[in-house]
Amino acid sequence: MRCPYQTKVIHKPEYTDRNIQYFATDVTKFCECLESECPFYYTTEYKPARKITEHCRRAEK
């Protein structure tokens with residue numbers, strides 16, 4: 001599960017390859033969920049089927 005709480009910004013610098021110019025960009029990447037260490041993470045268990053679902057309060061907002 002990807003976490004909307006933790007993001008990492010990757011900077012791609014500008015460079016020129018012969019006649020083509022690539023502009024500098026910033027790419028935002030979502031990190032993996034920390035699960036039990038995250039304050040927004042919680043699980044729900046459905047008894048008859050013994051199904052456990054993972055949720056993120058931040059993503060549900």
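- To the nearest 0.5 Å, the span separating NZ on K12 from CG on D26 amounts to 10.5 Å.
- To the nearest 0.5 Å, the span separating NE2 on H55 from OG1 on T43 amounts to 8.0 Å.
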Step by step, would you call T53 with Y46 a side-chain contact (heavy atoms from CB on, under 4.5 Å)?
CA-CA 8 Å; T53 58; Y46 297 103; 3.8 Å; yes
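- Across Q6 and E32, no two heavy atoms sit closer than the pair OE1-O, 4.0 Å.
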